[in-house]
There are 2 protein chains.
Amino acid sequence: MGVNERKEREREEMRELILQAARKVFLTRGYEKTSIRTIADAIEYSPATIYLYYKDKNELLFSLHEEAFRKMMQELSVVVNITDPFARLVEMGHQYIHYALSNPEFYDLMFIMEAPMETLACRDEIWEDGMKSFGLLMRVIEECVAAGYFKANTDVENTALTIWSYMHGLVTIYLKKRMNMFEDGREMERIQQSFMLFIKMIKDSL
Amino acid sequence: MGVNERKEREREEMRELILQAARKVFLTRGYEKTSIRTIADAIEYSPATIYLYYKDKNELLFSLHEEAFRKMMQELSVVVNITDPFARLVEMGHQYIHYALSNPEFYDLMFIMEAPMETLACRDEIWEDGMKSFGLLMRVIEECVAAGYFKANTDVENTALTIWSYMHGLVTIYLKKRMNMFEDGREMERIQQSFMLFIKMIKDSL
DNA sequence: CAAACATACTAAACAGTGTTTATAAAACAA
DNA sequence: TTGTTTTATAAACACTGTTTAGTATGTTTG
């Protein structure tokens with residue numbers, strides 16, 4: 001009797017329906033305007049129904065969090081056909097900037113928002129996505145060491161954290177509108193210039 | 001007839017009273033728990049009264065924003081007696097990390113939150129505080145150039161943005177709990193190690 | 001001094017939020 | 001068909017930022 005299997009399938013479909021609606025509202029109207037009620041309206045269900053499929057709003061946001069990491073990994077993967085590891089590292093940087101600036105709401109969810117962390121700090125697989133992309137960075141650094149671009153005694157993990165810190169700082173200063181400080185419209189130019197300087201720094205020093 | 005002057009003074013006192021209450025609630029209970037009503041309760045006035053002295057919650061937050069910058073500038077100023085410019089730059093980095101980690105709510109307000117930006121994007125003096133501290137960084141970099149630590153053709157503004165980006169990225173990754181990813185308790189150690197690596201990078205390359 | 005005006009303040013309401021509860025309806029099992 | 005479980009929701013709860021209408025107090029003027 002496959003009735004339980006069907007119910008499980010239907011439940012999963014409903015979860016997906018809610019998630020799709022959440023993503024749509026989230027990416028079009030932004031985080032601030034994404035309420036349980038707007039999501040419920042989008043799928044023509046009562047707000048209370050959502051709570052039958054997701055524990056709370058944070059759990060819903062966390063599902064988007066996973067999706068955001070999947071998408072970033074996918075976009076970062078265009079660099080696989082670059083054989084030279086240092087050129088690949090540089091292109092990964094470009095792709096990272098491009099992803100952050102093209103998906104500000106996702107980026108927020110992935111690296112800035114506190115909400116998805118709190119509730120899910122207990123879970124085991126929370127850091128899986130983050131660690132996978134951090135591993136991507138570590139691997140290309142390892143290859144840079146192997147290829148002689150970086151010194152043999154390079155602390156790969158520390159180097160990865162340092163590079164990530166810089167990239168993250170750069171894009172968040174822009175995304176959170178703190179580059180408006182300069183009051184000319186040259187934010188994009190500044191990002192590119194700074195990135196070039198940083199690339200030069202790691203080339204010279206690591 | 002000094003009645004108008006007295007009223008003006010009383011008005012300023014009331015603004016200060018509200019601001020003090022706001023700061024107290026903000027720094028003890030955190031941003032999330034800081035509502036107009038909790039602030040009103042703290043000073044034993046009606047919530048509506050606050051709107052007679054501040055246009056909205058954002059304007060109130062912006063006043064704290066100014067205070068946060070004042071405090072950071074003050075804490076960064078302990079480095080003035082360090083004569084060697086590079087040593088001063090390094091110590092400024094330490095102080096920056098210390099301020100961010102000791103005042104996470106303030107740091108959020110200064111560099112992450114969108115709220116104070118939106119409403120006040122029109123104002124002229126919004127960027128004054130930010131520019132003043134950025135200027136502090138630029139000046140010490142200039143001195144590093146003059147002292148021969150950095151190359152003569154250094155683009156000071158670009159270098160400052162690059163260093164700030166790194167510092168900001170490092171502390172926000174920590175503050176927003178993304179370093180929990182590593183799942184050992186060595187976050188602090190990682191921050192120090194990464195900072196040392198970055199110092200080495202600018203020493204070698206700039 | 002008393003009337004007229006201006007200011008300071010607040011209770012109550014509005015429109016929104018996340019979330020819970022009681023209840024009704026539908027689907028399933030015996 | 002009856003009994004039980006699942007699914008959905010209306011309504012409420014306790015919040016949020018903000019506005020409005022009305023009162024009470026302080027100041028100025030006739």
Side-chain angles (χ1 to χ4, degrees), chain A residues 1-19 21-22 25-26 29-65 105 109 113-120, chain B residues 1-19 21-22 25-26 29-65 105 109 113-120:
Chain A
M1 206 172 291
V3 60
N4 275 344
E5 284 81 349
R6 195 207 62 207
K7 287 224 169 171
E8 184 54 41
R9 204 175 56 237
E10 281 176 349
R11 188 179 164 77
E12 211 48 56
E13 279 169 17
M14 189 62 169
R15 277 180 68 94
E16 192 52 43
L17 184 71
I18 294 169
L19 194 63
V25 176
F26 189 81
R29 294 224 256 277
Y31 169 71
E32 295 275 272
K33 297 274 168 192
T34 305
S35 74
I36 297 289
R37 282 173 178 79
T38 58
I39 297 168
D41 279 357
I43 54 172
E44 294 177 301
Y45 274 81
S46 144
T49 302
I50 292 176
Y51 287 87
L52 298 176
Y53 295 90
Y54 288 93
K55 186 182 146 284
D56 55 20
K57 201 188 174 184
N58 281 346
E59 192 171 301
L60 198 44
L61 284 185
F62 182 66
S63 294
L64 288 178
H65 173 274
E105 303 282 356
L109 213 50
M113 278 183 54
E114 323 225 6
M117 298 300 104
E118 288 160 18
T119 322
L120 302 146
Chain B
M1 207 171 293
V3 58
N4 274 343
E5 284 81 347
R6 194 207 61 209
K7 289 228 169 164
E8 182 54 40
R9 202 175 57 236
E10 281 177 349
R11 186 179 165 76
E12 210 48 55
E13 278 169 18
M14 189 61 168
R15 277 180 67 95
E16 192 51 41
L17 184 71
I18 294 169
L19 194 63
V25 176
F26 189 81
R29 293 225 256 276
Y31 169 71
E32 295 275 273
K33 297 272 169 194
T34 305
S35 74
I36 296 289
R37 281 173 178 81
T38 57
I39 297 168
D41 279 358
I43 54 173
E44 294 177 300
Y45 275 82
S46 144
T49 302
I50 291 176
Y51 286 89
L52 299 174
Y53 296 90
Y54 290 92
K55 185 181 145 287
D56 55 20
K57 201 187 175 186
N58 281 346
E59 190 170 302
L60 198 45
L61 284 185
F62 181 68
S63 294
L64 289 179
H65 172 273
E105 303 284 355
L109 214 48
M113 278 183 53
E114 323 225 5
M117 299 298 104
E118 288 161 18
T119 320
L120 303 146

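Per the geometry, CG belonging to B:Leu17 stands 15 Å off P belonging to C:dA8, to the nearest Å. B:Glu44 places its CD atom 13 Å from the P atom of C:dA11, with the value rounded to the nearest Å. Whole-Å rounding puts the B:Asp41 CG to C:dC9 C1' distance at 16 Å. Between the P atom of D:dT7 and the CD atom of A:Glu13 lies a distance of 13 Å, rounded to the nearest Å. Distance, A:Ile18 CD1 to C:dT19 P: 13 Å, rounded to whole Å. As rounded to whole Å, 12 Å separates atom C1' of C:dT10 from atom CE of B:Met14. A straight line from NZ of B:Lys33 to P of D:dT16 spans 9 Å, rounded to a whole angstrom. Taking atom OH on A:Tyr51 and atom P on C:dT21, their separation rounds to 13 Å, with Å as the unit.
OP1 or OP2 of C:dC9 sits under 4.0 Å from a side-chain N or O of B:Tyr53. Between A:Ser35 and C:dT17 there is a side-chain polar atom (N or O) within less than 4.0 angstrom of OP1 or OP2.
When each of A:Ala48 and B:Thr38 is assigned the nucleotide of DNA chain D with its nearest heavy atom, A:Ala48 is the one assigned upstream, toward the 5' end.
In this structure, the side chain of A:Tyr54 engages the main chain of A:Arg15 through a donor-acceptor pair within 3.5 Å. Using a distance-only test at 3.5 Å, with no hydrogens or angles considered, no donor-acceptor pair links the side chain of B:Asn58 to the main chain of B:Leu61.
The side chain of A:Ser46 approaches D:dT9 more closely than any other nucleotide in the set D:dT9, D:dA8, C:dG18. With distances taken from any side-chain atom of A:Tyr45 to the nucleotides D:dT9, C:dG18, D:dG17, the minimum falls on D:dT9. Taking the side chain of B:Leu52 as heavy atoms from C-beta on, and the options C:dT10, D:dA8, D:dT18, the nearest nucleotide is C:dT10.
To the nearest 0.5 angstrom, B:Thr34 atom OG1 is 7.5 Å from B:Glu105 atom CD. The OH atom of A:Tyr53 lies 13.5 Å from the CD atom of A:Glu16; values are rounded to the nearest 0.5 Å.
For B:Glu44, the CD atom is loosely surrounded, since the number of other residues' heavy atoms within 6.0 Å does not exceed 12.
Judged by distance alone with a 3.5 Å cut-off, no donor-acceptor contact links the side chain of A:Arg37 to the base of C:dG16.
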